[in-house]
Amino acid sequence: MSRDPSSAFELLNPSVQRWIWRERWNDLQDIQEQSIAPILRGRDVLISSPTASGKTEAAFLPICTAVADTAGDALSVIYISPLKALINDQVLRLNDLFGSIDTVATPWHGDIPAHVKRRLLERPRGALLITPESLEALFVRRGTAIPRLVAHLQFIVVDELHAFIGAERGRQLQSLMHRLEIAAHGPVARIGLSATLGDPGLASEFLRPGRGEHVKRITSHVRNREVRMQVRGYRRVRASLSNGSANRPQADLHTDVGATEPATADDNDIARHLFETLRGYTNLAFANRRMEVELFADLLRRVSERANLTNEFWPHHGSLAREIREAAEEKLRSSRPATVIATTTLELGIDIGAVDSIAQIGPPNSVSSLTQRLGRSGRKPGAPSLIRIYVREQEIDTRTPTNDQLRVSLVQTVAMIRLLLERWVESPPPASLHLSTLVQQVLSLIAQHGGSRAPEAYLLLCSSGPFDSVSQSDFAQLLREMASHELITQTHDGTIVLDLPGERLVNHYDFYAAFTTPDEWRLIAGSRLLGTLPITSPLVVRSFLIFAGRRWRIVRIDERRREVGLQHAPGGLVPRFDGHGALIHDRVREEMRRVYMDNDVPAYLDATGRELLAEGRDAFWRFGLGRDPILQQGRDTRLYAWAGDRILNTLALQFRSLGANVAVERPALLFSNTPRETVRQQLSELASAGPADARDLATSVENKRTEKHHVFLSDELLCSDYASGRLDSNGAWQTIMRVSASGDEVSRQDA
């Protein structure tokens, strides 16, 4: 600390102050200065600050001060994280700090030994670091022990808060926090930590539903680091042995036996640039899909091997075994050069040390994701945040689709960067009913207490809990549906208890997660588990596979054990994984239109990127989209509303209700065999009708069972749930009015 300690520092417990001195801190970060007093007053606090700015200490320095006298004899803090790996990181950091007040931080998840958990249950003390799923398991399996465990609980800390907002897992988390407070017989101070927040007000309301305005919001005032950025454009063409460039290493060509779809030339060129640019440094390369992680890890490893160089490139995604992921993380922490190609698994705050640069393969999923990923670099003193984004577009010929001519991926990337520089990030959509998670919480509540009455369950979970948008009638219907599936039954005195199928469901390990876990097979090489793979197409012995960044031949398939045996092989094929792209926000699409309308050429685009942007703008004006959002080409018509995906989905359902043959072709709606004037006429009809009833629209959706426990709900409840989470009637109506007004102006000009 400096010679003139801050007033906030003086508020800390002397043991905590000595810990800071031992760490040789010169001063407190601004986020830490701001957080100490309100946390010591027991307020709910939301801390928003860039990655690696000291958010964890901002929360736990005052927490350790507040609990210093009691934490040795009582569990005072529950820290909830979205990732087990983040818990493993944090427990190493926090045990030293909690040791300064003579207590411990205990990790709790599926990989923690039973004796560690048993010790905490026998002697609750210090801090518990846990995932929502493990906390759910505590309620279900040790429900009677919960009141004693949390009797002296003072703080609940939620890390990476933004990762929970708007998701089923987030509603589960809100329910669990509420149930903790019920068990503790009173409110417990909640502290949320996040690096990226689109709407601090919404995040505050998430942290403390119904009282978000009372949450103290703290934001770092530290100037952002210097950002250096390049967007590299590539034209997607097929590689072949006959057209390989003399300047392209033949080692890059993904044409080995077993690869039924060879890597395209642009994939090879991207891999070559990654190899030449990143080798010798420590980097993170993000890809939007696990398929691409495996593809580029394989390409880069083979280039290294054929150049007789040590491989520095490693894959990291959720389907890989924990040991493989942890080995990749350790490569980043070491002093040796390493690049890890990852999905979102390394987007959150796992401590991997300082990396020199970030690569993004493909357009970012969201501005929030781009912000989070960019924040992983530039942590060294004086070092800038450095990111390279690789964007591929189809080569144009006479058959090139309209959206490819518009260079949508490149323009979306530019739009997201512009919004990033404006410090805008997405806010999550309005909360849905989350009825799937409500089914889970009803079962969990019954398991915790051995039974519950309907009015008590509704009071705890809905009227005073996080499912407050669920009406009594919908809750009663939900209970009836659960009973019809024999999940619950009612005793003669009105108590609801688990029926036999309900007991089997609750006792299965998969119950604790609010999200769906796919049916996956284990991949085994010798005796080593490589990971798991959702089987989306048949596998046969002697076929080839790329996994964990290496090439394999399938040598056995055990259907009973759901195992696939592998051996090293020269050939390989990137597997297909389940998953869908992220929903694009309205503001991003609006900014895309502005990019098309503008003339400026960003300095961060390389030569090909500038060409692609010019081609996209040329197509935009050539198609007349600057004047009229409705484009007819041959027998088909496209509507470019420049709206987000929830609005596009709603518009598609509304047009279908009028008999239109329409599909979402992001960022447009495609009307097959439909003239432009028919689309205009239907727009006029929808404008006159006003906002649609979202529940009525949802009745025409064939597969609404998108969440884990939807299988237990009636179509009526599914319609309510789908409408609340997937549709935006008011936004769609405003879009209709805007597009109709534009069409009217075009008609007047034509007249």
Side-chain angles (χ1 to χ4, degrees), residues 132 136 139-140 143 166-179 182 209-210 430-491 493-508 510-516 693-699 701 703-727:
E136 188 75 71
F139 273 106
V140 170
E168 295 292 330
R169 201 181 187 203
R171 186 54 55 90
Q172 177 190 25
L173 171 63
Q174 289 178 310
S175 181
L176 292 172
M177 289 192 294
H178 181 63
R179 291 166 63 187
I182 297 295
S432 78
L433 296 176
H434 295 288
L435 295 182
S436 171
T437 303
L438 181 54
V439 170
Q440 180 208 43
Q441 291 301 293
V442 169
L443 294 172
S444 175
L445 182 67
I446 294 171
Q448 177 189 354
H449 297 289
S452 179
R453 293 179 179 270
E456 296 169 352
Y458 182 76
L459 174 65
L460 193 151
L461 295 174
C462 300
S463 59
S464 70
F467 298 92
D468 55 349
S469 54
V470 176
S471 67
Q472 283 184 300
S473 61
D474 279 349
F475 186 74
Q477 184 178 352
L478 180 136
L479 293 181
R480 288 193 294 270
E481 292 295 327
M482 293 175 65
S484 72
H485 287 87
E486 299 182 334
L487 299 181
I488 57 176
T489 188
Q490 197 167 31
T491 63
D493 65 352
T495 302
I496 301 173
V497 296
L498 296 177
D499 209 340
L500 288 178
E503 286 185 358
R504 287 195 295 269
L505 179 65
V506 169
N507 290 329
H508 194 273
D510 184 50
F511 172 76
Y512 309 123
F515 51 87
T516 302
D693 185 314
R695 290 178 63 159
D696 287 345
L697 290 176
T699 60
V701 178
N703 183 16
K704 294 182 283 288
R705 290 183 171 86
T706 57
E707 300 296 344
K708 187 171 187 176
H709 299 298
H710 275 169
V711 66
F712 302 120
L713 301 182
S714 65
D715 192 65
E716 182 179 353
L717 288 178
L718 285 172
C719 285
S720 298
D721 205 38
Y722 188 92
S724 66
R726 301 297 185 96
L727 303 180

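Keep in mind that the numbers below use all heavy atoms, side chains included, and drop hydrogens, waters and symmetry copies. Residue numbers run from 1 in the order of the sequence given.
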Do Q172 and T437 have side-chain atoms, one donor and one acceptor, less than 3.5 Å apart?
no

Tell me the closest heavy-atom pair linking V497 and G451, and the distance in Å.
CG1-CA, 4.3 Å

Is R171 reaching over with its side chain to a backbone N or O of P466, donor-acceptor style, under 3.5 angstrom?
yes

Report yes if some heavy atom in the side chain of P209 is under 4.5 Å from a heavy atom in the side chain of H178; otherwise report no.
no

The reported gap from NE2 in H434 to OG in S175 (rounded to nearest 0.5 angstrom) is 12.0 Å

Looking at CG of L435 and CD of Q441, how far apart are the two atoms once the value is rounded to the nearest 0.5 Å?
13.0 Å

Side-chain (H710) to main-chain (L718) donor-acceptor, under 3.5 angstrom
no

Is a side-chain donor or acceptor of R453 paired with a backbone partner of D493 at a separation under 3.5 angstrom?
yes

CG/L445 to CG/L461 distance, rounded to the nearest 0.5 angstrom?
5.5 Å

Beyond-backbone contact of L173 with R169, side-chain heavy atoms, under 4.5 angstrom:
no

Nearest heavy-atom contact between S436 and L713 is N-CD1, 4.5 Å

Who are the side chain to side chain contact (heavy atoms under 4.5 Å, CB included) partners of Q472, not counting sequence neighbours?
Y458

Close side-chain approach of L433 to L438, heavy-atom, < 4.5 Å
no

Of all the heavy-atom pairs spanning Y722 and A698, show the shortest one and how long it is.
CD2-CB, 4.0 Å

Under 4.5 Å between any side-chain heavy atoms of V701 and R726, yes or no?
no

Between the main-chain N or O of S724 and the side-chain N or O of S432, is there a donor-acceptor pair closer than 3.5 Å?
no

Does H485 reach the main-chain N or O of E481 with its side chain, forming a donor-acceptor pair under 3.5 Å?
yes

Close side-chain approach of D510 to K708, heavy-atom, < 4.5 Å
yes

Of all the heavy-atom pairs spanning L727 and L697, show the shortest one and how long it is.
CD1-CB, 4.2 Å

Could you walk me through whether L505 and F712 satisfy the side chain to side chain contact (heavy atoms under 4.5 Å, CB included) test, starting with their C-alpha distance in whole Å, then the side-chain angles of each, then the deciding distance to 0.1 Å, before giving a yes or no?
CA-CA 12 Å; L505 179 65; F712 302 120; 4.0 Å; yes

Of all heavy-atom pairs between F475 and V442, which one has the smallest distance, and what is that distance?
CE1-CG2, 3.9 Å

Is there a donor-acceptor contact under 3.5 Å linking the side chains of S714 and Q477?
yes

For residues E168 and Q440, determine if any side-chain heavy atom of one lies less than 4.5 Å from a side-chain heavy atom of the other.
no

Any side-chain heavy-atom pair from L176 and E136 closer than 4.5 angstrom?
yes

List the atom of S452, the atom of I446, and the distance in Å for their closest heavy-atom pair.
CB-CG1, 4.3 Å

Between D721 (side chain only) and L717 (backbone N and O only), is there a donor and an acceptor less than 3.5 Å apart?
no

Non-neighbouring partners of D468 that pass salt bridge (Lys or Arg N to Asp or Glu O under 4.0 Å), sequence neighbours left out:
none

Taken to the nearest 0.5 Å, the spacing of I182 CD1 from M177 CE works out to 13.0 Å

Between L443 and M482, does the side chain to side chain contact (heavy atoms under 4.5 Å, CB included) criterion hold? Intermediate values first, please.
CA-CA 9 Å; L443 294 172; M482 293 175 65; 3.6 Å; yes

